[in-house]
Amino acid sequence: MQRAPLIDPFGRQITYLRVSVTDRCDFRCVYCMSEHMTFLPKRDLLSLEELDRMCSAFVDRGVRKLRLTGGEPLVRRDVMTLFRSLGRHLEAGDLDELTVTTNGSQLARYAGELVDAGVRRVNVSVDTLDPDRFAEITRWGRLDKVLAGIEAARTAGLKVKINAVALRGVNDHALDEMIRWAHGDGMDLTLIETMPLGDIDEDRTDRYLPLSQVRADLASRWTLTDLDDQTGGPARYVRIGETGGRLGFITPLTHNFCEGCNRVRVTCTGTLYLCLGQEDALDLRGPLRSSEGDEALHNAIDDAIAMKPKGHDFVIDRKSRRPAVARHMSVTGG
Ligand code: SAM
């Protein structure tokens, strides 16, 4: 049976699903998590089979792009089983892309298996190329391991995009080096503004760096030309004349990109969030577990899409210094 596509109250069709497959991570990036995080009990997590059923229900409803994220998706046990099973939708032509956002720590191990499952592109988060700084930012991460992971991914034939969170006083003076490195290896680089999500150990307002400022600064040294490329994501891209590479800006705070939002997110416990910056959410785990058939699940998905808000309204609140949204990025996935 052909099922109805997912159209929200503002006429936007949902074609992109991001799934956080675990809230756990082998890094503790300072802007993302506190050092001592309490993670969810494993029994609350959707099983790999349930994640597959849920993703497949969305594919039935016209989702063409699936991104697995986390936490760190590649630390979830047996996660390759999920990649392999979701790969069947690519083979059937029901899905255009299956992809992953990763910190790269496990890529050397899994790059080949990802390619076998049908993954063609991966996003890897690297905020700095300075090994000591990298260790400071990630608390538990090692740059050499991540760089080896990226190398393995490229050798296996994966296209790699680098994501870097722009952090005042941390990596703002080293962005030229990041550009040269990424573009020198044929990788796109996307800069992300820090978003006020979840309590962390430090004060985010000190680190917040508006990308409008970064762009103006870069434009004094590089030739930036706006591109119209629609990647199905919120990034706005420029071409850098000197490198020929693409640089993206994800600016949730200085620029609202909600008009064209085509995505929803599901957490590893099956909560469907309609917007990264709003609390609107609906449980899909109950309907998933209530019956073997998918009717209840589809009804819940319809109810949820009918609630999708028009947009988000992040503010880095200097007075209260509280996050705008209480949940961490690792819950909904970046
Ligand atoms: N572990 C994977 C990774 O490192 O890419 C996937 C999950 S991680 C939460 C996804 C992205 O969100 C990373 O690029 C990370 O730097 C970014 N991120 C985490 N917390 C953020 C925040 N508060 N503001 C902006 N970006 C954030």
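Just so you know, ligand 1 is whichever comes first in the structure, and atom 1 is the first atom listed for that ligand.
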key: Side-chain donor/acceptor of Arg28 to backbone N/O of Cys25, under 3.5 Å   = yes

query = Do the side chains of Arg265 and Leu17 get nearer than 4.5 Å, heavy atoms only?
reply = no

Min side-chain heavy-atom separation Arg289-Leu284 under 4.5 Å = no

Out of all atoms in ligand 1, which are within 4.0 Å of some heavy atom of [X]? Include the element for each.
| X | result |
| --- | --- |
| Thr194 | 24 (N), 25 (C) |
| Thr69 | 6 (C), 7 (C) |
| Cys32 | 19 (C), 20 (N) |
| Glu193 | 24 (N), 25 (C) |

key: Donor on one side chain, acceptor on other, Tyr16 and Arg67, under 3.5 Å   = yes

request  = State whether a side-chain donor-acceptor pair under 3.5 Å links Ser85 with Asp52.
outcome  = yes

As a check for students: among [options], identify the option with a heavy atom nearest to [atom].
| atom | options | value |
| --- | --- | --- |
| atom 17 (C) of ligand 1 | Val165, Leu74, Val30, Ile137 | Val165 |
| atom 4 (O) of ligand 1 | Ser125, Gly104, Ala166 | Ser125 |
| atom 6 (C) of ligand 1 | Ser105, Gly141, Gly71 | Gly71 |

inquiry  = So, taking the atom named CZ in Arg215 and the one named CG in Leu218, what distance separates them when rounded to the nearest 0.5 Å?
reply    = 9.5 Å

ask   = Roughly how far, to the nearest 0.5 Å, is the CG atom of Asn123 from the CG atom of Asp188?
value = 9.5 Å

Test of understanding: given a 4.0 Å heavy-atom threshold, classify the contact between [X] and ligand 1 as side chain, backbone, both, or neither.
| X | result |
| --- | --- |
| Asn103 | both |
| Phe27 | neither |
| Thr102 | backbone |

query = Can you find an N/O atom of Asp127 closer than 3.5 Å to an N/O atom of ligand 1?
reply = no

message = With a 4.0 Å cut-off on heavy atoms, is Gly70 in contact with ligand 1?
response = yes

inquiry  = Let's go through Arg64 and Asp96 carefully: what are the C-alpha distance in whole Å and the side-chain angles of both, what is the deciding distance for salt bridge (Lys or Arg N to Asp or Glu O under 4.0 Å) to 0.1 Å, and is it a yes or a no?
reply    = CA-CA 5 Å; Arg64 306 289 312 178; Asp96 297 328; 2.7 Å; yes

